Amino acid sequence: MLQLNYIRENKADIIKRLAIKNFDAAEIVDHVIKFDDLRKITQKELDDILSTSNKLAKEIGNLYSSEQHEKAEEAKEESINLKKTAKELEQKLNDTVNNLNSFLIELPNIPHNSVPSGKSDADNELMHEEGVIPELAEGSLPHWDLASKYNIIDFDLGSKVTGAGFPFYRGKGARLQRALINFFLDEALAQDYIEYQPPLLINSDSGFGTGQLPDKEGQMYFISEDDLYLIPTAEVPITNIYRNTILKEDDFPIKNVAYSSCFRREAGSYGKDVRGLNRLHQFDKVEIVQVQHPDKSYNTLEEMKDQIAALLRKLELPFRIVRLCGGDLSFASALTYDFEVFSAAQKRWLEVSSVSNFENFQANRMKLRFKDENGKSRLAHTLNGSALALPRIVAALLENNQSELGIVIPEVLRSYTRFDIID
RNA sequence: GGAGAAGUGGCAGAGUGGUCGAACGCGGCGGUCUUGAAAACCGUUGAUCUUCACGGAUCCGGGGGUUCGAAUCCCUCCUUCUCCGCCA
């Protein structure tokens with residue numbers, strides 16, 4: 001959510017920059033300012049009424065204690081009238097604030113200056129590419145075939161027990177997953193992150209705080225009985241730790257890491273993009289979250305980017321980094337880098353991480369503030385990134401490392417898997 | 001799941017209808033004293049909206065209500081604690 005004062009002071013600039021997200025903000029901004037004006041006026045009127053009513057109430061108290069009952073009754077009469085007016089104004093103020101908010105939450109975050117314009121992922125900016133794209137031998141298999149060949153992931157069994165997109169991992173497949181989780185967590189701990197195990201269900205306040213609600217309501221599994229949502233990412237519970245808090249400046253940087261399962265309905269997805277591990281309803285991910293001083297958040301973003309690149313390098317996977325264009329950037333993000341690994345049998349790049357700076361967009365929704373050096377409350381900046389999402393990493397490892405002997409485990413993982421090869 | 005108790009400022013803890021945004025204490029900050037520090041003493045110390053400012057309004061778990069007036073009374077939801085039941 002954008003800050004009201006910022007909108008008022010930078011109207012033209014906001015409209016211009018949101019155009020990069022292909023979002024026409026002109027009308028909404030006008031509504032926001034109009035309703036905010038009305039809000040201020042109404043608030044003032046109400047405050048004045050309440051002020052006189054408060055004075056009157058005190059007076060009535062005094063009149064009673066000095067036994068002037070008649071005068072007190074008169075004052076009561078007047079007070080009741082004031083109250084009626086106050087009720088009406090309150091209603092009006094309420095409506096106005098609701099209108100204001102309904103427009104305010106429609107505005108996406110403003111893209112960073114470096115964000116290129118563009119319509120879709122085709123217009124993303126390739127920033128970096130490294131690693132050797134493996135030449136696979138004749139007869140090489142995509143990961144879903146490898147999964148059944150070595151009996152390490154069972155999609156059909158998942159369909160039977162739950163439904164499509166909920167695979168079972170078995171034997172060395174399960175152990176590989178566990179190894180990756182531990183590897184990713186240990187790498188983050190070495191960078192001074194604090195490890196968390198969050199709840200996997202969140203309430204609607206939390207969903208609103210990070211921006212999933214109301215925008216992506218249909219993408220989350222909802223438990224209506226208890227009014228709770230399954231988390232689509234650990235970002236939600238981990239960032240919401242700081243909802244409605246005021247930090248001290250020396251609390252920065254806050255660096256948290258969490259492993260969790262993630263649940264996504266993925267309504268509307270279909271076709272070859274969702275085959276095998278490419279897109280699941282339930283998957284595992286290690287997520288890094290930082291809360292940072294506004295002046296430092298972009299340095300932090302670069303640091304997180306480097307950290308994620310180092311993970312892929314250690315796993316010996318060929319990868320590239322793209323800067324998302326305006327059209328591909330999420331609602332809440334100001335700048336996002338996507339990491340993609342090359343999956344050699346599918347011959348395509350798979351997104352395995354997304355690292356974003358939300359600036360104060362989430363912080364404003366969840367009232368995450370800090371005291372600056374002058375003792376003033378200011379909104380903090382929030383960032384997060386996957387480090388990393390498991391399924392597509394597994395897909396690339398299986399495909400890229402297949403050989404006649406089996407699937408070769410990268411050196412760095414062997415102390416975690418305690419096997420060298422899946423055969 | 002059943003029965004009971006409670007939720008007040010960073011912490012601790014008073015306040016049960018009027019002058020309470022809230023005593024006292026601790027902590028924090030500033031000062032006096034000191035070569036420096038501690039101690040002692042003095043002062044100060046919540047958030048949000050609004051205003052150039054003075055000021056005004058709102059907030060005592062959340063929401064609603066009673067009343068001229070609510071931290072204080074009523075309803076409801078949430079959370080915590082105790083006892084019983086169940087259970088990994």
Side-chain angles (χ1 to χ4, degrees), chain A residues 1-9 32-105 197-209 213 223-229 237 240-252 254 261 360 362-380:
Chain A
M1 194 159 73
L2 301 178
Q3 290 184 98
L4 264 172
N5 284 338
Y6 186 80
I7 295 173
R8 300 187 76 101
E9 286 160 24
V32 164
I33 292 174
K34 188 187 81 194
F35 280 115
D36 191 40
D37 287 340
L38 184 60
R39 185 198 116 245
K40 285 185 184 181
I41 293 165
T42 313
Q43 179 84 64
K44 178 84 174 78
E45 285 175 45
L46 176 61
D47 284 359
D48 288 346
I49 300 272
L50 289 175
S51 181
T52 44
S53 161
N54 285 344
K55 286 196 192 102
L56 203 55
K58 277 181 190 168
E59 218 175 292
I60 292 168
N62 291 334
L63 288 173
Y64 272 122
S65 51
S66 59
E67 303 280 320
Q68 296 175 265
H69 292 280
E70 235 171 78
K71 279 193 172 178
E73 292 302 323
E74 277 172 38
K76 264 196 194 180
E77 203 73 22
E78 194 184 339
S79 192
I80 290 168
N81 283 332
L82 281 174
K83 206 178 165 171
K84 224 181 109 197
T85 318
K87 257 278 183 331
E88 285 163 18
L89 281 169
E90 225 166 78
Q91 186 56 50
K92 186 179 169 193
L93 182 64
N94 241 318
D95 293 347
T96 308
V97 168
N98 286 341
N99 279 324
L100 173 61
N101 284 337
S102 70
F103 284 109
L104 204 51
I105 60 171
Q197 286 192 21
L200 304 182
L201 297 170
I202 47 119
N203 57 31
S204 56
D205 284 346
S206 294
F208 180 81
L213 293 175
I223 319 266
S224 58
E225 180 96 25
D226 298 290
D227 252 341
L228 297 170
Y229 297 84
N240 272 285
I241 291 171
Y242 307 98
R243 173 153 47 84
N244 280 323
T245 56
I246 300 179
L247 300 165
K248 295 191 290 286
E249 209 161 332
D250 58 10
D251 290 331
F252 295 132
I254 289 172
S261 292
N360 64 25
Q362 292 182 328
N364 193 33
R365 289 178 153 244
M366 64 173 79
K367 302 289 164 258
L368 195 191
R369 290 160 297 176
F370 70 101
K371 289 268 190 212
D372 69 10
E373 67 269 30
N374 303 317
K376 280 197 64 177
S377 291
R378 291 176 60 191
L379 294 171

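All figures in this text were calculated on a predicted structure; none of them were measured in a lab. In what follows, every heavy atom counts, from backbone to side chain, and hydrogens, waters and symmetry copies are set aside. Each chain gets a letter, A, B and so on, in the order the sequences are listed, and its residues count up from 1.
- The distance from atom CD of A/Glu78 to atom C1' of B/G69 is 15 Å, rounded to the nearest whole Å.
- Atom CG of A/Asp47 and atom OG1 of A/Thr52 lie 10.5 Å apart (nearest 0.5 Å).
- Across B/C68 and B/G17, the matching C1' atoms stand 12 Å from one another, rounded to whole Å.
- Residues A/Asn101 and A/Val97 form a side-chain contact, since some pair of their non-hydrogen atoms from C-beta on lies under 4.5 Å apart.
- One P atom belongs to B/C75, the other to B/C83, and the distance between them is 27 Å to the nearest Å.
- B/C83 is paired with B/G2 under the Watson-Crick or G-U wobble criterion, all donor-acceptor distances under 3.5 Å.
- Nearest-nucleotide positions on RNA chain B for A/Gly61 and A/Lys371 put A/Gly61 closer to the 5' end.
- Of the two residues near RNA chain B, A/Ser79 and A/Asp47, the one whose nearest nucleotide lies more 5' is A/Asp47.
- Interface remark: the A/Lys83 side chain does form a donor-acceptor pair with the B/U67 base, using a distance-only criterion of under 3.5 Å.
- Rounded to whole Å, the distance from CG on A/Leu46 to C1' on B/G56 is 11 Å.
- Taking atom C1' on both nucleotides, B/G25 is separated from B/G13 by 8 Å, rounded to a whole Å.
- Candidate nucleotides B/G65, B/G18, B/U50 were compared by shortest atom distance to the side chain of A/Lys87, and B/G65 ranks first.
- A/Glu90 and A/Asn94 share no side-chain donor-acceptor pair at under 3.5 Å.
- For B/G30, the paired base is B/C42 (Watson-Crick or G-U wobble, both distances below 3.5 Å).
- If you check every strand for non-hydrogen atoms under 4.0 Å, A/Asn54 touches sugar and phosphate atoms only.
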Evaluate the criterion side-chain hydrogen bond (donor to acceptor under 3.5 Å, both in side chains) for residue pair A/Ser102 and A/Asn99; output intermediate values, then yes/no.
CA-CA 5 Å; A/Ser102 70; A/Asn99 279 324; 4.7 Å; no
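- Under the Watson-Crick and G-U wobble criteria, each requiring two contacts below 3.5 Å, nucleotide B/A88 is left unpaired.
- Across all strands shown, nothing is found opposite B/C24 as a Watson-Crick or G-U wobble partner with both distances under 3.5 Å.
- In this structure, A/Leu247 CG and A/Ile254 CD1 are separated by 4.5 Å, a value rounded to the nearest 0.5 Å.
- In this structure, A/Leu82 places its CG atom 10 Å from C1' of B/C68, rounding to the nearest Å.
- Comparing B/G46 with B/G30, their P atoms are spaced 16 Å from each other, to the whole Å.
- B/A47 and B/U58 make up a base pair, with Watson-Crick or G-U wobble contacts both under 3.5 Å.
- What separates CG of A/Asn5 from C1' of B/C49 is a distance of 11 Å, to the nearest Å.
- Remark: C1' of B/C49 and CG of A/Leu100 are 12 Å apart, rounded to the nearest angstrom.
- Nucleotides B/A71 and B/C87, compared at atom C1', are 40 Å apart to the nearest Å.
- The partner of B/U35 cannot be assigned: no Watson-Crick or G-U wobble pair with both contacts below 3.5 Å exists in any strand.
- Between A/Arg8 and A/Asp37 a salt bridge is recorded (basic side-chain N to carboxylate O distance below 4.0 Å).
- B/C59 and B/C54 have their C1' atoms separated by 23 Å, given to the nearest Å.
- In a base pair of the Watson-Crick type (N1 to N3 plus N6-O4 or O6-N4) or a G-U wobble (N1-O2 and O6-N3), with each distance short of 3.5 Å, B/U16 is matched with no nucleotide.
- Distances were taken from every side-chain heavy atom of A/Arg39 (C-beta onward) to each of B/C49, B/U19, B/A57; the shortest belongs to B/C49.
- In this entry the distance linking NZ of A/Lys248 with P of B/G46 reads 16 Å, nearest Å.
- Following rounding to the nearest Å, A/Leu50 (CG) and B/C68 (P) show an atom-to-atom distance of 16 Å.
- Among the protein residues, A/Ser377 comes within range of the sugar-phosphate backbone only, with heavy atoms under 4.0 Å from sugar or phosphate atoms but none that close to a base.
- If you measure from atom CD of A/Glu77 to atom C1' of B/C68, you get 10 Å, rounded to the nearest angstrom.
- With C1' as the reference atom, B/G21 and B/U35 are 44 Å apart, rounded to whole Å.
- By the 30° and 60° cut-offs, the orientation of the rings of A/Phe103 relative to A/Phe35 is parallel.
- When the C1' atom is used for both B/C20 and B/U8, the distance is 12 Å, rounded to whole Å.
- With a 3.5 Å ceiling on both atom-pair distances, the Watson-Crick or G-U wobble partner of B/G7 is B/C78.
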